[in-house]
Amino acid sequence: MRALGVDVGGDRKGLDLVLMGDDRAIVMTQGRAGPEDVVLVLGRYRPQIVAIDSPPAWNAGGRSRRTERLLAELGISTFPTPSKAAGDKPFFGWMKAGMAVFTLVAEHGYTLDTGGRTGRRAIEVFPYATAAVLSGGLKPHGMRTRDWRERVLRANGVRTDGLRTLDQVDAALAALTAVMVAEGRHTYLGDDAEGVIVLPVAAPLLRYRPGPRPADDDDRLFRYCACGCERQVVPPREFVRGHDGRHRSMLWERVRQGRRAEEELGRRRWERPPEVR
DNA sequence: GACAGCAATAAATAGCGTGG
DNA sequence: CCACGCTATTTATTGCTGTC
């Protein structure tokens, strides 16, 4: 099973895409993507769920959508979606772009899931809300948004060292949300008319408050095999069983290559690199 | 000199705390 | 009890810093 997370930006920034497997490994990332790139990814990787960080529709005439007011009751702030008339400003261009993505993926079989739909589908997600419900609290005071969200990803089995911008971190949170929803962990907030934000929990807390500031080194619930194979191990182990021997033989081979390189440098009377002279 | 990433700022709205 | 200020969410823009 694979899921595609889409973080929506305006014309200039474009879309950020992150494709994730159900083992929470990031299969592919793409920044500054356009609608045509989304279609390419759908065709090539066939994700089951597309999770989009954007409203699929304007509000029905009020100041905000019901899903956003429900999030406010949980203590989770949102940037409210305006009505169609109020949304006609350049500032809301990114929401228009997001709605266009919903339309686009629907044309490729990913119909909007506002509750209970299974199989191939699209959902609306909110990375901030996802990070809140997965960590059990809002962003701790004094902690940077990006640090907090990356920590939440790592604590849930996603490695973050390939994510270059906050937008990619958010796209990864969107994809992670979809993976968990596919596993049956979901809460639907909202209604069909204005849209439904999906949270990756069976049941949310009554109210979320800023969490405690974690220590700098306590987010390693697991680590990756030191041989670079990207499989997970539980500390204090460093290697998947048997991979220590594999790693040692690889280092031996590199030493042999280095010796051959030194011999050739000497033969040609060329200098060694400055940092090893 | 190019380029990437980060910090600060504005925009619309809701909730919370405080002052009068 | 109401008004006001503060905080929090988002993207886009600008200016600064660091790296190569």
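Each chain gets a letter, A, B and so on, in the order the sequences are listed, and its residues count up from 1. Note that the structure is a prediction, hence the values are computed from the model and not measured.
- Applying the 4.0 Å criterion to OP1 and OP2 of B:dC16, one finds that A:Arg207 has a side-chain N or O inside that range.
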| Step-by-step side-chain hydrogen bond (donor to acceptor under 3.5 Å, both in side chains) determination, A:Thr81 to A:Asn59 | CA-CA 6 Å; A:Thr81 304; A:Asn59 83 44; over 6 Å; no
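- Distance, A:Trp94 CH2 to C:dA12 C1': 12 Å, rounded to whole Å.
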With B for base contact, S for sugar-phosphate-only contact and - for none (protein heavy atoms under 4.0 Å), nucleotides 4-12 of chain B reads -SSS---BB
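- One can place CG of A:Leu138 at 15 Å from P of B:dG15, the figure rounded to the nearest angstrom.
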Could you walk me through whether A:Arg65 and A:Glu124 pass the salt bridge (Lys or Arg N to Asp or Glu O under 4.0 Å) check? CA-CA 13 Å; A:Arg65 300 183 297 154; A:Glu124 177 187 357; 2.7 Å; yes
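- Following rounding to the nearest Å, A:Tyr128 (OH) and C:dT7 (P) show an atom-to-atom distance of 14 Å.
- In this structure, CG of A:Leu74 is placed 12 Å from P of B:dC16, rounded to the nearest angstrom.
- A:Arg121 places a side-chain N or O within donor-acceptor distance of the main-chain N or O of A:Arg117, the cut-off being under 3.5 Å.
- The CD-P distance, from A:Glu73 to B:dG15, rounds to 8 Å in whole Å.
- Look at A:Lys96 and A:Asp88 and you find a salt bridge, because one of the NZ, NE, NH1 or NH2 atoms lies within 4.0 Å of a carboxylate O, short of that distance.
- Using a 4.0 Å heavy-atom cutoff across all strands shown, A:Arg66 reaches no nucleic acid atom at all.
- Atom CG of A:Leu70 is separated from atom P of B:dA14 by 13 Å (rounded to the nearest Å).
- Each of A:Leu40, A:Leu17, A:Asp16, A:Val38 was scored for a side chain to side chain contact (heavy atoms under 4.5 Å, CB included) with A:Gln30, with one residue passing: A:Leu17.
- One interatomic measurement links the two molecules: CG of A:Leu173 to C1' of C:dT10, which rounds to 15 Å at whole-angstrom precision.
- Here the P atom of nucleotide C:dT11 and the CG atom of A:Leu15 are 12 Å apart, to the nearest Å.
- The aromatic ring centroids of A:Tyr128 and A:Tyr208 lie 6.0 Å or more from each other.
- Counting non-hydrogen atoms under 4.0 angstrom, A:Asp7 reaches the backbone sugars and phosphates but no base.
- No more than 12 heavy atoms of other residues, nucleotides or ligands lie within 6.0 Å of CZ in A:Arg63, so this atom counts as exposed by the packing criterion.
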